[in-house]
Number of protein chains: 2
Amino acid sequence: VAAGAALAAKAGVRVLLFGPASELGDPPPGVQITDAPVSIAKSPDPATAVRNTPDASIVMAARAVASGQAQALVCAGGTGAALAAGLFNIKRALGIYRPALALTLPAPNGPVTLLDVGANTECRREHLVQFAFMGAALVAVTLGLERPRVGLLSNGSEIQRGNPTVIATNAELLERSGEAFQFVGNVEGDTVLSGQADVIVTDGFTGNIALKLIEGTSQTVLGAVRDAAMSSQRSKLGGLLLKPSLLAFRERIDPEAQGGAYLLGLRNLGVVAHGRFTRAGFAQAILRAHAGAHGQLISKTHATLLTACALRSAPASGQTASLPPH
Amino acid sequence: VAAGAALAAKAGVRVLLFGPASELGDPPPGVQITDAPVSIAKSPDPATAVRNTPDASIVMAARAVASGQAQALVCAGGTGAALAAGLFNIKRALGIYRPALALTLPAPNGPVTLLDVGANTECRREHLVQFAFMGAALVAVTLGLERPRVGLLSNGSEIQRGNPTVIATNAELLERSGEAFQFVGNVEGDTVLSGQADVIVTDGFTGNIALKLIEGTSQTVLGAVRDAAMSSQRSKLGGLLLKPSLLAFRERIDPEAQGGAYLLGLRNLGVVAHGRFTRAGFAQAILRAHAGAHGQLISKTHATLLTACALRSAPASGQTASLPPH
């Protein structure tokens with residue numbers, strides 16, 4: 001993490017780093033270290049851990065964002081803790097039911113943005129509908145897509161397919177498809193990567209499984225290709241010749257290149273990197289957060305939702321109710 | 001379909017084929033054609049279609065199984081119609097809450113059987129628990145696995161991760177892990193194909209999406225490898241040399257080689273092929289059904305569930321209640 005922060009600082013980002021100072025060494029130029037040795041990243045109950053551990057590194061980082069010391073929160077592992085710390089300290093943006101994690105995946109016919117990939121294990125119709133607007137606003141800003149195509153992940157392409165929440169969401173998105181996005185209906189698992197939709201909406205349980213299935217299956221197939229390339233002398237030579245192109249492909253689908261998922265729906269931007277990332281991934285996460293903050297991703301998303309009447313009109317209920325159970 | 005039936009008949013299976021006689025031509029040796037020109041495979045409401053269309057091909061086929069004319073039902077497209085026709089005519093096996101679709105996928109460290117891949121869009125804890133026993137019994141018979149490892153698909157490996165149904169199912173499977181199977185806990189999307197579990201349990205909504213994501217991602221990555229092999233003269237030569245090994249791999253993961261999914265939980269066996277299959281896939285589906293009927297898959301599954309006290313003790317409620325909405 002510290003090495004990633006150093007890389008990002010070299011690229012011109014001012015980084016406030018919260019972590020165990022004794023392990024982080026001397027701060028590199030552009031990085032300011034605040035000693036925060038307590039981690040709740042692996043807590044089984046992040047909401048309680050955030051409440052009871054004001055000196056946890058993620059809580060201190062979230063407070064720095066809330067107070068205006070920093071413009072965006074980057075989390076280096078422990079999605080649940082980041083979400084809880086964000087909700088308690090940065091707080092939900094006005095009119096947002098639930099923050100969501102949005103990840104943009106590379107695909108042959110253009111990037112696909114999947115949300116929610118894990119912030120909300122259970123979602124109601126109104127949450128999924130708002131995710132559609134949030135995702136559309138995100139790719140409008142980050143990818144410059146005007147009126148992006150939004151799909152709904154389901155177990156069949158027909159409007160009557162899905163669980164009751166998905167069916168109800170499909171009906172509402174069909175009605176609300178308009179200026180902000182074009183609703184392309186249900187998207188099945190085998191067409192997620194085929195370019196039918198720029199944004200695919202789902203609940204955080206299904207979305208997290210879907211994202212990891214894509215990553216795991218990609219790695220499995222690439223591993224099998226590697227094994228195939230070792231199966232004979234002829235194949236070995238073929239593999240050797242093909243290697244540069246395959247490495248370029250592997251690099252293109254490297255999750256670290258994305259820098260993690262955007263956490264949308266708080267008053268400031270969050271980026272959640274994967275705990276397994278190397279320095280390159282963490283640096284990328286910080287650069288994404290920096291670009292998003294500078295590009296006013298949050299206020300532009302808010303403006304889109306406001307224009308589309310996609311904000312919750314009633315005052316938001318207590319934050320605790322919207323915290324994920326874990 | 002007819003060509004697939006002919007292939008299966010050549011391999012020694014007696015096939016009763018229900019479909020439009022005018023399109024099927026002369027019956028090949030070993031195939032008996034019953035004219036059934038009405039199809040409800042694409043009906044948006046299969047349960048109603050089954051009730052109102054006694055002369056639909058799938059209904060006539062299911063009745064032939066129910067009456068003992070045939071030992072297993074093979075469906076060549078239209079999962080919902082097959083399930084509804086099976087429930088109405090073949091009927092649920094005693095003590096089974098819900099029939100489930102189980103598909104065995106090839107994976108580098110051994111096959112993985114996923115269920116439910118689409119029969120039940122919504123599942124309760126007791127359904128998922130029974131699927132664990134059904135899946136374990138299936139792979140015991142079809143793959144000869146004693147005490148297979150059963151996992152539960154979730155958005156995190158820890159016991160507290162998942163939606164409420166998954167969390168409750170995890171707790172019960174942990175308790176009931178025993179002679180019939182070894183429960184390995186939650187399995188995340190990225191480890192479905194890694195060989196942690198022989199059987200992976202999930203609801204039909206998530207399972208259908210998961211299965212199609214695996215298929216779609218595999219095809220996308222293989223397509224990208226093909227594109228990489230076209231990107232330069234050097235790569236082209238490499239691709240040419242690697243081609244035989246890659247074709248062998250592609251064949252190994254070909255969904256048609258599996259012949260479709262087992263429909264478990266009725267009084268007779270069902271096999272649901274994919275409507276997109278070529279003759280080879282339909283023939284394989286018929287051969288699987290034949291092998292399953294001869295291997296007494298259904299009675300052995302029942303015996304396993306009985307021994308493990310995994311059958312529903314109360315009399316089953318009306319069939320209509322257990323029909324999927326579509």
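All values reported here derive from a predicted model rather than from experimental measurement.
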Next item on the list: Answer whether the closest heavy-atom distance between the side chains of A:Pro244 and B:Arg234 falls below 4.5 Å.
Entry: yes
Look up atom [atom1] in [X] and atom [atom2] in [Y], then write down how far apart they are to the nearest 0.5 Å.
X        : Y        : atom1 : atom2 : result
B:Ser235 : A:Lys243 : OG    : NZ    : 13.5 Å
A:Leu237 : B:Leu237 : CG    : CG    : 6.5 Å
B:Thr217 : A:Leu193 : OG1   : CG    : 4.5 Å

Next item on the list: Kindly determine whether A:Val221 and B:Leu222 satisfy side chain to side chain contact (heavy atoms under 4.5 Å, CB included), including the steps that lead there.
Entry: CA-CA 7 Å; A:Val221 174; B:Leu222 283 176; 4.0 Å; yes
Next item on the list: Pull out the residues in residues 109-116 of chain A that come under 4.5 Å of chain B, heavy atom to heavy atom, sorted by number.
Entry: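 Not one residue of residues 109-116 of chain A has a heavy atom under 4.5 Å from chain B.
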Checklist line | Region of A:Val117 in contact with chain B, defined by heavy-atom distances below 4.5 Å | finding: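 Neither part.
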Note to self: Which atoms of A:Ser154 are under 4.5 Å from chain B, going by heavy atoms: the side chain, the backbone, both sets, or neither?
What the structure shows: both
Next item on the list: For A:Asp203, check salt bridge (charged side-chain N to carboxylate O under 4.0 Å, His left out) against everything at least two apart and list the hits.
Entry: none
Next item on the list: Among B:Val187, B:Thr220, B:Ile209, B:Val166, single out the residue with the greatest number of heavy-atom pairs under 4.5 Å to chain A.
Entry: B:Ile209
So which heavy atom on [X] is nearest to which on [Y], and how close?
X        : Y        : value
B:Phe205 : A:Leu153 : CZ-O, 3.8 Å
A:Asn208 : B:Glu188 : OD1-OE1, 4.4 Å
B:Lys212 : A:Asn155 : NZ-O, 4.2 Å

Item checked: More than 12 heavy atoms from other groups under 6.0 Å of CD1 on A:Ile159 -> no
Notebook entry, point to check: Highest number of heavy-atom pairs under 4.5 Å with chain B: which of A:Gly189, A:Ser194, A:Gly216, A:Pro108?
Noted result: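 Heavy-atom pairs under 4.5 Å are most numerous for A:Gly189.
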Next item on the list: Heavy atoms only, distances under 4.5 angstrom: which of A:Pro164, A:Gly223, A:Gly156 has the most pairs with chain B? Name it, please.
Entry: A:Pro164
Next item on the list: Pull out the residues in residues 245-257 of chain B that come under 4.5 Å of chain A, heavy atom to heavy atom, sorted by number.
Entry: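 B:Ser245, B:Leu246, B:Phe249 fall under the 4.5 Å cut-off.
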Check: Looking only at heavy atoms, which of residues 224-231 of chain B get nearer than 4.5 Å to chain A?
Finding: B:Ala224, B:Val225, B:Ala228, B:Ala229, B:Ser231
Notebook entry, point to check: Step by step, would you call B:Asp190 with A:Leu213 a side chain to side chain contact (heavy atoms under 4.5 Å, CB included)?
Noted result: CA-CA 5 Å; B:Asp190 52 356; A:Leu213 274 167; over 6 Å; no
